There are 2 protein chains.
Amino acid sequence: MSEIQSLARGLRALDILEAETDGMGVTRLARRIDIDKSTASRIMKTLAIYGYVEQSSETRRYTLGPRLVRLGQSLLNRTPLRDQARPYLRELVAQTQECAHIAVRASDQVLYLDQVEATASLRVSTGVGTLAPLHSTALGKVLLAFGDNRLPELLERFTPRTITDADTLRMHLEQARRQGYAIDDEEFSYDVRCVAVPLYGLDGELVGAIGISGPGARLTLSRIHDLALVVSRVGQALSDRLAYRHEDQPSDGGDV
Amino acid sequence: MSEIQSLARGLRALDILEAETDGMGVTRLARRIDIDKSTASRIMKTLAIYGYVEQSSETRRYTLGPRLVRLGQSLLNRTPLRDQARPYLRELVAQTQECAHIAVRASDQVLYLDQVEATASLRVSTGVGTLAPLHSTALGKVLLAFGDNRLPELLERFTPRTITDADTLRMHLEQARRQGYAIDDEEFSYDVRCVAVPLYGLDGELVGAIGISGPGARLTLSRIHDLALVVSRVGQALSDRLAYRHEDQPSDGGDV
DNA sequence: TCGTTTGTTGGGAATTGTACAATCCAGGTT
DNA sequence: AACCTGGATTGTACAATTCCCAACAAACGA
């Protein structure tokens with residue numbers, strides 16, 4: 001009773017269109033959502049009015065609309081973290097030759113705010129805006145270990161190494177707190193390892209995490225622990241910067 | 001009959017939340033949308049289920065949800081233009097010391113896909129994802145002059161210099177075609193000038209526009225025409241790259 | 001502490017949305 | 001030309017939602 005059908009259907013239409021790069025007609029959309037095409041037509045028209053989808057005047061197919069770019073960007077820009085972090089991400093890439101990310105917590109997931117890719121041809125890339133689970137990524141573990149440490153209900157398995165037992169995870173988090181950094185040893189994707197450290201804001205509260213990730217062959221466990229020092233240093237530098245930021249200081253790429 | 005109320009209300013709620021960085025409670029939202037707060041509560045709950053908004057468990061206020069970041073990003077990544085253009089934008093900034101943008105057409109507006117900011121403290125910055133009118137921006141005029149040249153119905157005035165007459169605009173577009181570039185001489189924002197050139201894709205069709213913008217004091221009309229050459233060269237280089245791109249070639253920051 | 005504001009939930013009555021079928025339209029196929 | 005498919009639109013019973021009311025718990029302020 002508390003879920004509004006027509007709204008939910010509109011949102012599902014957006015979800016479906018996200019996967020369909022070439023757009024989709026009303027008839028096919030209606031089949032996917034399992035509603036009548038007349039209903040789908042009205043729903044899509046409403047979405048179009050508000051710019052959430054666009055209809056090609058030729059093919060009459062619907063695609064996601066520019067409004068969504070704006071909304072997403074508005075959300076990303078909301079956190080000053082992102083602007084300030086860029087040069088530090090680049091610094092990390094320069095020092096480690098691996099892909100660098102920052103992320104914040106979004107409810108029970110990790111939201112990747114930004115990334116700078118390594119130049120090596122073999123590299124790991126997680127799209128900006130991607131959501132990932134807290135328990136099986138280095139950035140997520142940092143957010144759990146140093147911030148709100150209530151664990152997600154369900155610890156889903158992604159690889160054989162994913163930690164699915166709450167107590168084991170708590171032990172890992174404890175170790176991360178002691179070490180000052182968290183790692184992900186092929187727990188989310190095969191052959192991908194990561195290491196991440198916390199970022200603190202003005203009042204010393206956790207605001208996010210920064211880390212690097214790379215292919216397992218290059219990023220061995222022993223190298224991970226070496227690089228943890230580099231990541232910590234850069235993370236500390238960024239935290240320092242976040243701690244005393246001047247309101248009107250242009251956030252040009254400061255050196256690390 | 002063709003607009004679905006509950007959907008439209010949900011979308012309006014998102015619009016309102018975009019402006020409210022700190023989130024908003026159900027009661028205030030209900031007043032803004034002019035519906036009952038019980039209805040608002042149910043609508044917001046539905047939006048929350050799909051991740052379009054998030055409710056703080058402490059303050060119970062709603063804010064935009066991470067889902068929107070993902071959708072927006074998905075849309076941005078849809079065009080390979082954006083990835084490929086970055087190094088060229090940086091090159092433009094390096095050569096001109098002004099802010100550089102790329103944009104594509106989104107229905108009857110210009111959608112800014114990406115930008116690289118100049119390091120000067122006085123600079124012009126248009127947010128990624130911003131939508132601007134076609135007739136009063138350099139990027140928009142390029143899209144009109146070199147692409148689909150059907151003019152928007154209404155030529156809205158933003159500054160005293162905005163071209164609001166269709167015939168005058170057509171003359172300007174004709175001139176842009178002859179020159180190979182379009183300019184915006186304080187037609188959208190006071191004290192902001194821009195110059196832009198077209199970008200062509202694989203089949204020689206217009207795919208977007210690239211340009212620079214800056215404060216009027218620095219970017220005088222005569223300097224604009226000088227810089228047009230620089231912008232053209234970089235735009236041409238990017239077009240060349242877009243024309244023969246190899247599928248699996250890593251798009252690392254190639255030199256211009 | 002007591003009032004106040006806020007979010008949620010629950011009821012009828014009024015309004016709106018939905019499915020189904022019918023129709024029209026544009027392109028592509030036979 | 002006749003046919004088919006996907007899409008958009010419209011009308012009408014029927015299902016769902018919204019409104020306005022009220023009640024209630026929880027958080028907030030004084």
Side-chain angles (χ1 to χ4, degrees), chain A residues 1-65 107-108 148 150 205, chain B residues 1-65 107-108 148 150 205:
Chain A
M1 197 63 74
S2 75
E3 187 173 320
I4 286 161
Q5 242 195 149
S6 46
L7 217 194
R9 285 167 172 175
L11 301 183
R12 270 170 63 199
L14 292 180
D15 288 359
I16 290 169
L17 284 182
E18 185 190 2
E20 292 289 327
T21 320
D22 300 326
M24 223 172 175
V26 162
T27 306
R28 216 144 60 89
L29 268 168
R31 270 203 292 268
R32 283 281 286 280
I33 311 179
D34 200 34
I35 54 175
D36 194 80
K37 62 178 183 168
S38 66
T39 309
S41 171
R42 288 187 256 250
I43 286 177
M44 298 316 289
K45 195 152 290 179
T46 306
L47 284 169
I49 289 172
Y50 287 85
Y52 286 76
V53 300
E54 248 181 8
Q55 186 176 26
S56 150
S57 52
E58 296 169 24
T59 66
R60 311 229 150 178
R61 287 168 154 217
Y62 286 96
T63 49
L64 294 183
S107 47
D108 264 0
D148 181 354
R150 282 173 305 188
E205 84 288 7
Chain B
M1 195 63 76
S2 77
E3 187 174 323
I4 286 162
Q5 252 197 119
S6 50
L7 217 193
R9 285 168 171 172
L11 301 182
R12 270 169 66 198
L14 292 180
D15 289 0
I16 290 169
L17 285 181
E18 184 190 2
E20 291 289 326
T21 318
D22 301 326
M24 223 172 175
V26 160
T27 306
R28 217 144 60 87
L29 269 168
R31 270 202 293 267
R32 283 281 285 280
I33 311 179
D34 199 36
I35 54 176
D36 195 79
K37 64 174 183 171
S38 61
T39 310
S41 171
R42 291 185 250 252
I43 285 177
M44 297 315 288
K45 193 153 293 177
T46 305
L47 284 171
I49 289 172
Y50 287 85
Y52 286 76
V53 300
E54 249 182 6
Q55 186 176 27
S56 149
S57 51
E58 296 169 24
T59 67
R60 310 231 149 180
R61 288 169 152 216
Y62 286 96
T63 49
L64 294 182
S107 47
D108 264 0
D148 181 353
R150 282 172 306 187
E205 83 287 7

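Just so you know, these numbers use all the heavy atoms, side chains as well, and skip hydrogens, waters and symmetry mates. Naming: A, B, ... by sequence-line order, numbering from 1 per chain. This structure is a prediction, so every number in the text was calculated from the model and none was measured.
The distance between atom CZ of B/Arg61 and atom C1' of D/dA26, rounded to the nearest whole Å, is 16 Å. The distance from atom CZ of A/Arg12 to atom C1' of C/dT18 is 14 Å, rounded to the nearest whole Å. In this structure, the CZ atom of A/Arg31 is 11 Å from the P atom of D/dT5, given to the nearest Å. The distance between atom CG of A/Leu29 and atom C1' of D/dG7, rounded to the nearest whole Å, is 12 Å.
Contact of the B/Val26 side chain with the B/Tyr62 side chain is registered, since non-hydrogen atoms from C-beta on lie closer than 4.5 Å. Side-chain contact between A/Ile35 and A/Ile43 is present, with heavy atoms from C-beta onward closer than 4.5 Å. The side-chain heavy atoms of B/Met24 and B/Arg32, taken from C-beta on, include a pair separated by under 4.5 Å. Looking at heavy atoms from C-beta onward, A/Val53 lies in side-chain contact with A/Leu14 at the 4.5 angstrom threshold.
Note on the helix from C/dT1-D/dA30 to C/dT30-D/dA1: terminal axis deviation equals 40°, with five pairs used at each end and the result rounded to 10°.
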Please list, for nucleotides 18-20 of chain D, all pairs of protein and nucleotide N/O atoms separated by less than 3.5 Å.
from	atom 1	to	atom 2	distance (Å)
D/dT18	O3'	B/Arg9	NH1	3.1
D/dC19	OP1	B/Arg9	NH1	3.1
D/dC19	OP1	B/Arg9	NH2	3.0
D/dC19	OP2	B/Thr39	OG1	2.5

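Among all heavy-atom pairs drawn from A/Leu47 and A/Ala13, the shortest one is CD1-CB, 4.4 Å.
Put simply, A/Tyr62 has no side-chain N or O that comes within less than 4.0 Å of OP1 or OP2 on D/dG6. Note on A/Gln55: a side-chain N or O is less than 4.0 Å away from OP1 or OP2 of D/dA8. Between B/Ser41 and the phosphate of C/dG7, there is no side-chain N or O to OP1/OP2 separation shorter than 4.0 Å. Considering only side-chain N and O atoms, B/Lys45 lies under 4.0 angstrom from the phosphate OP1 or OP2 of C/dT9.
Side-chain N or O atoms of B/Thr46 include none that pairs as donor or acceptor with a backbone N or O of A/Ala8 at under 3.5 Å. A/Arg61 places no side-chain N or O within 3.5 Å of a backbone atom of A/Gln55 that could act as its donor or acceptor partner.
For the atom pair OH of A/Tyr52 and CG of A/Leu64, the computed distance is 12.0 Å after rounding to the nearest 0.5 Å.
If you check every strand for non-hydrogen atoms under 4.0 Å, B/Thr27 touches sugar and phosphate atoms only. Backbone-only engagement by A/Arg28 is indicated by non-hydrogen atom pairs under 4.0 Å involving sugar-phosphate atoms exclusively.
Considering A/Met44, A/Arg42, A/Arg9 as possible partners of B/Ile4, the one that fulfils the side-chain contact (heavy atoms from CB on, under 4.5 Å) test is A/Arg42.
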